[in-house]
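Note that the structure is predicted; figures quoted are calculated from it, not measured.
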Amino acid sequence: MSCIAYSDGYEYQLRADCRVELWELRLERDVALQPWLELSGDGWLLIRAGYAWDGPSGPAIDTPSFMRGSLVHDALYQLMRDGVLEEALHRAPADQALRRLCIEDGMWRLRAWWVYQGVRLFGKPHADPELRKPWLRAPEGCTP
């Protein structure tokens, strides 16, 4: 029996590579989560086409000024969940980058402040490896 493995819970899929400088985040070495994410020590994040993310979370409205920030933020939190980045060191800079990118993309500063407060107050569990999305398999009963 042919079997597929997949993850659910994603709303958006990146159609072209995205490269963004994160001056908030500097590392001692380059890191990656192949094939989707590469973060250089000097703060350049590359997110490859095909990467899937869930967009702005919570009571947020998915507006154009929120999309790039949510993409980058979700990618950085995934790097934390997967143990590539340390939550204790990198969550605050990831949250700051979200705020900055949203403002750069036209979000009102007050809304960006609320977004930032939300991720500071409620984001920590989303960086926890326990929240990694499980692999699902279909059809029912198949084995890899």
Side-chain angles (χ1 to χ4, degrees), residues 3-140 142 144:
C3 185
I4 64 167
Y6 64 99
S7 296
D8 69 356
Y10 299 108
E11 186 170 347
Y12 299 101
Q13 185 175 26
L14 193 63
R15 302 300 260 177
D17 290 355
C18 173
R19 188 169 187 260
V20 62
E21 184 176 17
L22 302 173
W23 50 261
E24 300 87 351
L25 201 59
R26 297 294 190 253
L27 306 174
E28 294 178 12
R29 60 181 169 70
D30 297 352
V31 297
L33 185 61
Q34 295 295 343
W36 306 112
L37 306 171
E38 297 175 22
L39 179 59
S40 66
D42 60 356
W44 284 96
L45 175 65
L46 174 63
I47 306 171
R48 298 239 182 244
Y51 182 79
W53 81 107
D54 63 359
S57 301
I61 301 168
D62 295 15
T63 59
S65 63
F66 208 164
M67 296 312 292
R68 185 172 66 127
S70 76
L71 167 67
V72 168
H73 194 256
D74 282 9
L76 293 172
Y77 268 54
Q78 182 174 2
L79 288 169
M80 287 181 256
R81 281 191 308 275
D82 285 357
V84 177
L85 295 178
E86 293 181 50
E87 180 271 329
L89 295 175
H90 302 114
R91 190 169 83 80
D95 295 348
Q96 292 163 1
L98 169 65
R99 180 181 178 276
R100 176 180 59 85
L101 292 169
C102 287
I103 291 170
E104 283 180 8
D105 291 350
M107 184 180 284
W108 292 346
R109 289 183 179 274
L110 179 59
R111 182 179 178 209
W113 181 84
W114 277 110
V115 165
Y116 177 75
Q117 295 305 313
V119 294
R120 293 308 301 151
L121 289 171
F122 304 110
K124 185 172 180 160
H126 299 281
D128 189 329
E130 293 297 316
L131 279 186
R132 290 174 69 185
K133 295 198 184 294
W135 282 34
L136 305 172
R137 300 198 186 282
E140 191 171 322
C142 76

- Item | Set of side-chain contact (heavy atoms from CB on, under 4.5 Å) partners for Asp30, sequence neighbours left out |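 Partners of Asp30 by the side-chain contact (heavy atoms from CB on, under 4.5 Å) criterion, ordered by chain and then number, come out as Ser40.
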Specify the closest pair of heavy atoms between [X] and [Y], including all atoms of both residues, with the distance to one decimal.
{"X": "Trp36", "Y": "Ala49", "answer": "CZ3-O, 3.3 Å"}
{"X": "His90", "Y": "Leu27", "answer": "NE2-CD2, 3.3 Å"}
{"X": "Arg26", "Y": "Asp42", "answer": "NH1-O, 2.8 Å"}
{"X": "Leu45", "Y": "Ala75", "answer": "CD2-CB, 4.4 Å"}
{"X": "Leu22", "Y": "Ala97", "answer": "CD2-CB, 3.9 Å"}
{"X": "Pro139", "Y": "Cys3", "answer": "CD-CA, 4.4 Å"}

How about [X] and [Y]: do any of their side-chain heavy atoms sit closer than 4.5 Å?
{"X": "Glu87", "Y": "Tyr77", "value": "no"}
{"X": "Leu98", "Y": "Phe66", "value": "yes"}
{"X": "Leu14", "Y": "Arg48", "value": "no"}
{"X": "Met80", "Y": "His126", "value": "no"}

Please say whether more than 12 non-hydrogen atoms of neighbouring residues, nucleotides or ligands are located less than 6.0 Å from [atom1] in [X].
{"X": "Trp44", "atom1": "CH2", "answer": "yes"}
{"X": "Tyr10", "atom1": "OH", "answer": "yes"}
{"X": "Trp113", "atom1": "CH2", "answer": "yes"}

How many angstroms lie between [atom1] in [X] and [atom2] in [Y], if you round to the nearest 0.5 Å?
{"X": "Leu89", "Y": "Leu25", "atom1": "CG", "atom2": "CG", "answer": "9.5 Å"}
{"X": "Met67", "Y": "Cys18", "atom1": "CE", "atom2": "SG", "answer": "11.5 Å"}
{"X": "Ser57", "Y": "Asp62", "atom1": "OG", "atom2": "CG", "answer": "8.5 Å"}

- Task: Return each pair, listed once, that meets salt bridge (Lys or Arg N to Asp or Glu O under 4.0 Å) where at least one residue sits in residues 97-108; pairs must be two or more places apart or across chains.
- Result: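 The answer is Glu24-Arg100, Arg68-Glu104, Arg68-Asp105, Arg100-Glu104.
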- Message: Taking salt bridge (Lys or Arg N to Asp or Glu O under 4.0 Å) as the cut-off, I'd like each qualifying pair that reaches into residues 118-131, sequence neighbours left out, listed once.
- Response: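 Applying salt bridge (Lys or Arg N to Asp or Glu O under 4.0 Å) to every pair that reaches into residues 118-131, excluding sequence neighbours, yields Asp95-Arg120.
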- Query: Passes side chain to side chain contact (heavy atoms under 4.5 Å, CB included), Leu39 versus Leu76? Steps please.
  - Reply: CA-CA 9 Å; Leu39 179 59; Leu76 293 172; 4.3 Å; yes
- Query: Tyr51 vs Trp53 aromatic rings, parallel, tilted or perpendicular, using cut-offs 30° and 60°?
  - Reply: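 Geometry flag for Trp53 against Tyr51: parallel rings.
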- Task: Please confirm whether the backbone N or O of Ala52 pairs with a side-chain atom of Gln13, one donor and one acceptor, at under 3.5 Å?
- Result: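 No; judged by distance alone, with no hydrogens or angles, the pair does not exist.
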